[in-house]
2 protein chains.
Amino acid sequence: MIGPMATIAVENYLKHVLLLSTREPELVPMGALAAALAVTPGTATTMVKALAEASLLRHLPHHGVSLTPSGRRLALNVLRKHRLVETFLVNILKMDWSTVHREAERLEHAISDEVLDRLDELLGHPQSDPHGDPIPSREGELRIQIYATLSSCVVGTSQRIVQITDQSENFLRFADQHGLPPGAVVRVTKRDHAAGVLTLRKPTGRSITLSLNAGAQISVELAMSQVAS
Amino acid sequence: MIGPMATIAVENYLKHVLLLSTREPELVPMGALAAALAVTPGTATTMVKALAEASLLRHLPHHGVSLTPSGRRLALNVLRKHRLVETFLVNILKMDWSTVHREAERLEHAISDEVLDRLDELLGHPQSDPHGDPIPSREGELRIQIYATLSSCVVGTSQRIVQITDQSENFLRFADQHGLPPGAVVRVTKRDHAAGVLTLRKPTGRSITLSLNAGAQISVELAMSQVAS
DNA sequence: AGATTTATTTTGACGACTCAAAATAAGTTG
DNA sequence: CAACTTATTTTGAGTCGTCAAAATAAATCT
């Protein structure tokens, strides 16, 4: 019931299953998948059954889905396209890193593997995209690291932002406007769990206060050497 | 029956009507359109009626179709995307100019106007694509020139290739392998209408013989100054 | 003009993807 | 554990773009 060549919808289903199963171990619940795809639950069920039929997904009815090896291979290829395209749009076309997601969402289904390779070369085989997300290798390896976040890291130490987890247009614009792209170095100066806020200071001396929830969306690692924002 | 945002199919129909109506004056016949889109005549009729309903096309039943102003605007935008993408693939990604058509066929529907503008800038606002076809301007102007061809130009004079009309994979590869891309300078040394062949000589001294039919697919203009191939 | 060929349109059907709403299973709570 | 809430699956229907084949109009040719 599903042909040999992947349609845009198929690629999107697989990509989102991959995305949702990186953190949560295995079994992506239907609800989460449907929400990620902006589709009603019933639609997701129908589609998932077809994808399971085509051995791209495993479907445990009433419990969730996981990728088969071939599904995973396909999903990683799409994700690689997405992230390399994003990198291209920011690095070469100088587009705003907070707008770029939507563009890549369409382009990831239109570029061939050949173009993908050349793009990768042109960009110098980057390891991560402008949001700090790792780019799957040509061979389908995706190094996932568990990072601390602004809400969980040690107070007082210099931290380098490596990843913005919430990639909604709004949040990315917020991060952009406050000078918090991946690569920026900050220090959490105060964290108040009762009030639910934390304060951080940039090397420039500027202070920013944000909620713990927001802070949890920004991954960091210990900054060994200072790097200008 | 057709929404406000153009689907891939809609864009393709309009683009091909535009392409087919540049040479032939007005009224594109259904058969030609269906063939260009690799679709059965019945399908083309159905789709054309919907596009006429949406005021993107004018449909004179049993006679043919032509673009309305808004249809033309849309078609030109798609064509601009197609040709700028082709230029990008050849000039920046260094892809083979004879392979690039197929890639652009998918990308033209995936890139936004914003990306289009940046691409145009990156490429230095080129006037024509790697095959020599003119790139419509941002404002929707498409300068069409009538060129002589290798089959019709004056024998003995230096001519610069400006355009390959037949863009099938095969013919482009042929042109490529014989060193006949747009820009190359050649001289027709002999033309034999009885035998249906012509002979041309490159500045390097190399001679090539091809059919008059093939020659009619290669547009040329008088070469004022010699340019290395 | 009448008959035949050729181009176009209709008709009925299908595949991929989607929704809304009813049915059902799983999980939770008193 | 029985009642209730929440998540998932079914069912019936719709859209978009397509095809094959029958019906019809236009063009061509004696």
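Lettering of chains follows the sequences in order, A, B, ..., and the numbering in each one begins at 1.
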- Query: Any side-chain donor paired with an acceptor under 3.5 Å for Glu11(B) and Asn77(B)?
  - Reply: no

- Message: Below the 4.0 Å mark, does dA16(C) have OP1 or OP2 next to a side-chain nitrogen or oxygen of Tyr13(A)?
- Response: no

- Can we say Arg118(B) and Glu114(B) salt-bridge, meaning some charged N sits less than 4.0 Å from an Asp/Glu carboxylate O? yes

- Message: Reading DNA chain D from 5' to 3', where do the contacts with chain A start and stop? Cut-off is 4.0 Å to heavy atoms.
- Response: dT8(D) to dT10(D)

- Does Arg83(B) come within less than 4.0 Å of Glu108(B), counting only side-chain N to carboxylate O? no

- Message: Under 4.0 Å, counting only non-hydrogen atoms across every strand here, what does Gly31(A) touch: a base, just sugar-phosphate, or nothing?
- Response: sugar-phosphate

- Main-chain N/O of Pro134(A) paired to Arg143(A) side chain as donor or acceptor, under 3.5 Å: no

- Counting distance only, does the side-chain N/O of Lys81(B) pair as donor-acceptor with the main-chain N or O of Leu116(B) below 3.5 Å? no

- Item | Residue met sooner reading DNA chain C from 5', once Pro61(A) and Gly3(A) are mapped to nucleotides | Gly3(A)

- Query: Rounded to whole angstroms, how far apart are CG on Leu51(A) and P on dG15(C)?
  - Reply: 17 Å

- List the steps and the verdict of side chain to side chain donor-acceptor pair (under 3.5 Å) for Asp129(B) and His82(B). CA-CA 9 Å; Asp129(B) 75 9; His82(B) 181 97; 5.8 Å; no

- Measure from CD1 on Ile2(A) to P on dA16(C) and round the result to the nearest Å. 7 Å

- Task: Considering just the side-chain nitrogens and oxygens of Thr43(A), establish if one lies under 4.0 Å of OP1 or OP2 belonging to dC19(C).
- Result: yes

